[in-house]
Amino acid sequence: MDGTAVMEEVSLTLVEHTDTETEALRTLTRAFGYDTFRGDQEAAIEHVAAGGDAVVLMPTGAGKSLCYQIPSLVRPGTGVVISPLIALMQDQVDALRALGVRAGFINSTQDYDEQRLVEAEFVSGELDLLYLAPERLRLESTLDLLSRGKISVFAIDEAHCVAQWGHDFRPDYLALSLLGERWPDVPRIALTATATRATHQEITKNLGMDGARHFEASFDRPNIQYRIVSKDDPKKQLLRFLKEEHAGDAGIVYCLSRNSVEKTAEFLCRNDIPAVPYHAGLDARTRALHQSRFLREEGLTVVATIAFGMGIDKPDVRFVAHLDLPKSVEGYYQETGRAGRDGLPSTAWMAYGLQDVVQQRKLIQSGEGDLAFQRRAASHLDAMLALCETVQCRRAQLLAYFGQQQESPACGNCDSCLTPPETWDGTVAAQKVLSAVVRLQRERGQKFGTGQIVDILLGRKTAKVIQFDHDQLSVFGIGQELSEAEWRGVVRQLLAQRLLAVEGEYGTLVLTEDSGAVLARQREVPLRKEPKKAPSAKGSSKGERKSKAVVDLPEELLPLFETLRTWRATQAREQGVPAYVVFPDATLKEITLTAPSTIDELGGISGVGEKKLATYGEAVLGVLAEWSAVAGARPAEEDEPPADE
Ligand code: ADP
Ligand code: ZN
């Protein structure tokens, strides 16, 4: 009975909104080849299509693009999309054209004639979508151009740029508030994948979008497995992770410095993992080339500083690895969010160790910026460290950071859930470290870094210990019960918990306000146990694993999937577009699983819209027919009966 009541309510809503809904839904099916909207997409699209302003917060891969693309198609005029990365506009536009959408862009990569052509198309109403970089809108000539055409929607992509302190694009984004003043009747939609409550409010305020409706999706990315391992030999750990779990996959490796980017990329190449570097020190041509190779080739790894990745909408990035600690949870979430936009299993992997904490704390202290800036940076770092050191579900903690709650306390797809870490009472160990620091300072007036403290605790008579007579200290050799790695783990966790601090150029250890309570036995210090040898989350495994994208296809269908991928690669090369512009992996997978034999059946597959069906339909059916002919002609292998299904 309840069920009927609910059904009635649903159908009433359907009737009420039937006009825009059918139009939006029809566009979704016809142009994009999808049957249903996801999550908040429909509500946001309806709202904007009806002329309302919207602020949309959705995690990467949730489908933000459709939220402005469909209103642009449904409303009369051209949708103007403000997006900061001009290097990606060509690909975005190519992808839309492959769907039959009339899209164009204007940016500095074009010559005068090309720009004039797009401008003319815009003015005469021949464009559904026009992409522009934010700095263009500070030019009077651009505003003039825009006033000569009809605009359906303004979409402001990567809207967190308006809020993020110190961000490159910030002044350009701040200037975007003029859009609402100059075109009060054109709806605006601001989109971002990363925002805490505070950032969310800043976006709304700075863009002058107080009247906007807010759509906030769950930030969860269930297909991403989060793992943070203890760093000992990061390059080797990375290599093992890639070989065991992501052979042949595309992914991104983030490093802090340009130098380590270069070295890591070389190291991977030497070990048969195709990799290219990307950082701001490379010239523009090399950067563009490496980015374009990443988008177009399959299975390439980009080793990069955080300069890489914003706006990269390659759907089949299978892993994001961090060799250094990101500066904030926002940064970490944004970077890891570039994995698995297609919804297939992906990994966010990070190696994290003592040096990261020391280095980041030092950077903050020695960096520019006033006290308020430093305090903010320090609290960002604290949140990041708490995530690294937690013994609880990583996902639960990430979501909590963004003000959201997970239904159950354990997600089952992070390292904490897969191999729950052990904790131990580290109070005595903490006291030993703190005592060593205190003795050095009180008795000798000296400050030293972690290495010397650990040597003292372990009772090692190194040259430096002898030189400073540290073997005469009462704390010398009182810590033989733990290994060096374990002591470093204790120091790291004390730093993370602010029970210890680093100081000066050499990162010497000093006490904090809270250290006293530990020394006075007024406070316990629970610690996370250091793993003996960082295991991979799924236990040790011999030999190379298959790429994550194909693991859940039945073994016997893998050759067909590979055949379709090869066909796709040829198409992509001929047209000079990335493979996913032809069809994404998820669509190829569904084709493999359902083996359609007619154009109609193929058209029913998610991701196959009208234009793609017309362009590739016959060819795909051809590939399938050929494959089943060959497979059928093959003598039955092993002792299996000639299986029908
Ligand atoms: P975002 O910009 O939020 O990161 P995208 O707009 O790039 O996400 O979409 C991610 C992927 O999901 C794309 O491949 C897109 O085509 C696909 N997608 C979006 N909406 C739908 C839908 N309603 N049904 C099926 N696939 C969708
Ligand atoms: Zn979990």
Side-chain angles (χ1 to χ4, degrees), residues 24-25 27-29 31-45 56-70 81 83 85 88 91-92 95-96 98-99 101 155 157-159 189-194 215-228 309-317 333-334 336-344 346 348 387 390-400 406-421 537 578-590 605-609 612:
L25 196 60
T27 310
L28 179 75
T29 325
F32 298 90
Y34 301 136
D35 303 332
T36 48
F37 286 111
R38 287 180 183 162
D40 272 354
Q41 272 181 338
E42 182 165 24
I45 288 169
V56 173
L57 269 84
M58 284 183 186
T60 312
K64 279 185 291 300
S65 321
L66 289 186
C67 294
Y68 62 81
Q69 286 165 350
I70 293 187
V81 186
S83 162
L85 285 193
L88 294 169
D91 284 336
Q92 285 170 330
L96 284 165
L99 295 166
V101 175
D157 210 0
E158 313 285 355
I189 173 170
L191 311 106
T192 178
T194 319
F215 299 89
E216 186 176 338
S218 162
F219 266 49
D220 191 14
R221 303 285 311 280
N223 60 313
I224 299 184
Q225 184 177 94
Y226 296 98
R227 279 156 49 192
I228 301 178
M310 197 204 291
I312 292 268
D313 50 8
K314 183 175 167 66
D316 55 353
V317 176
Y333 206 62
Q334 202 171 48
T336 55
R338 290 168 189 145
R341 278 170 181 253
D342 53 11
L344 299 175
S346 311
L387 178 69
T390 185
V391 291
Q392 315 275 305
C393 172
R394 307 259 192 218
R395 191 180 311 272
Q397 185 144 343
L398 275 169
L399 291 176
Q406 182 167 273
E407 267 169 32
S408 97
C411 75
N413 195 24
C414 75
D415 51 359
S416 293
C417 290
L418 291 167
T419 45
Y580 60 80
V581 167
V582 178
F583 282 123
D585 275 357
T587 302
L588 284 196
K589 249 174 101 166
E590 203 179 324
I605 284 176
S606 182
V608 187
K612 288 202 178 166

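Start at 1 and go down the list; that is how both ligands and their atoms are numbered. Residues take their numbers from the sequence shown, with the count starting at 1.
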In plain terms, say whether D415 and R394 are close enough for a salt bridge, that is, a side-chain N and a carboxylate O under 4.0 Å apart.
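Looking at R394 together with D415, the answer is yes, because their closest N to O distance falls below 4.0 Å.
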Could you tell me the separation between the [atom1] atom of [X] and the [atom2] atom of [Y], rounded to the nearest 0.5 Å?
X: E158; Y: L191; atom1: CD; atom2: CG; result: 9.0 Å
X: D313; Y: D91; atom1: CG; atom2: CG; result: 8.0 Å
X: K64; Y: I189; atom1: NZ; atom2: CD1; result: 10.5 Å
X: S416; Y: Q392; atom1: OG; atom2: CD; result: 8.0 Å
X: C411; Y: Q225; atom1: SG; atom2: CD; result: 8.5 Å
X: S606; Y: E590; atom1: OG; atom2: CD; result: 5.5 Å

Check whether any N or O atom of [X], backbone or side chain, sits under 3.5 Å from an N or O atom of ligand 1, and answer yes or no.
X: S606; result: no
X: T36; result: yes
X: L66; result: no

Quick test: of every protein heavy atom, which one is nearest to [atom], and how far off is it to 0.1 Å?
atom: atom 8 (O) of ligand 1; value: G63 N, 3.2 Å
atom: atom 20 (N) of ligand 1; value: Q41 NE2, 2.9 Å
atom: atom 14 (O) of ligand 1; value: Y34 OH, 4.2 Å
atom: atom 12 (O) of ligand 1; value: R38 NH1, 3.3 Å
atom: atom 7 (O) of ligand 1; value: R341 NH1, 3.3 Å

For [X] and [Y], indicate whether the former's side chain and the latter's backbone hold a donor-acceptor pair under 3.5 Å.
X: D342; Y: A586; result: no
X: R221; Y: T60; result: yes
X: T36; Y: Y34; result: no

For atom 27 (C) of ligand 1, is the nearest protein heavy atom under 4.0 Å away?
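Flag for atom 27 (C) of ligand 1 set to true, protein heavy atom closer than 4.0 Å.
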Residues forming a salt bridge (Lys or Arg N to Asp or Glu O under 4.0 Å) with [X], sequence neighbours excluded:
X: D316; answer: K314
X: D220; answer: R395
X: D40; answer: none

By number and element, which atoms of ligand 1 are closer than 4.0 Å to a non-hydrogen atom of [X]?
X: T60; value: 4 (O)
X: P59; value: 3 (O)
X: S65; value: 2 (O), 5 (P), 6 (O), 7 (O)
X: G61; value: 1 (P), 3 (O), 4 (O), 8 (O), 10 (C)

Whether A62 lies under 4.0 Å from ligand 1, heavy atom:
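The answer is yes, since A62 has a heavy atom less than 4.0 Å from ligand 1.
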Are M58 and ligand 1 in contact, using a heavy-atom cut-off of under 4.0 Å?
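Under 4.0 Å: no for M58.
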What protein N/O/S atoms sit under 2.8 Å from the Zn ion (ligand 2), by chain and number?
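Those protein N, O or S atoms (cut-off: under 2.8 Å from the Zn ion (ligand 2)) are C393 SG, C411 SG, C414 SG, C417 SG.
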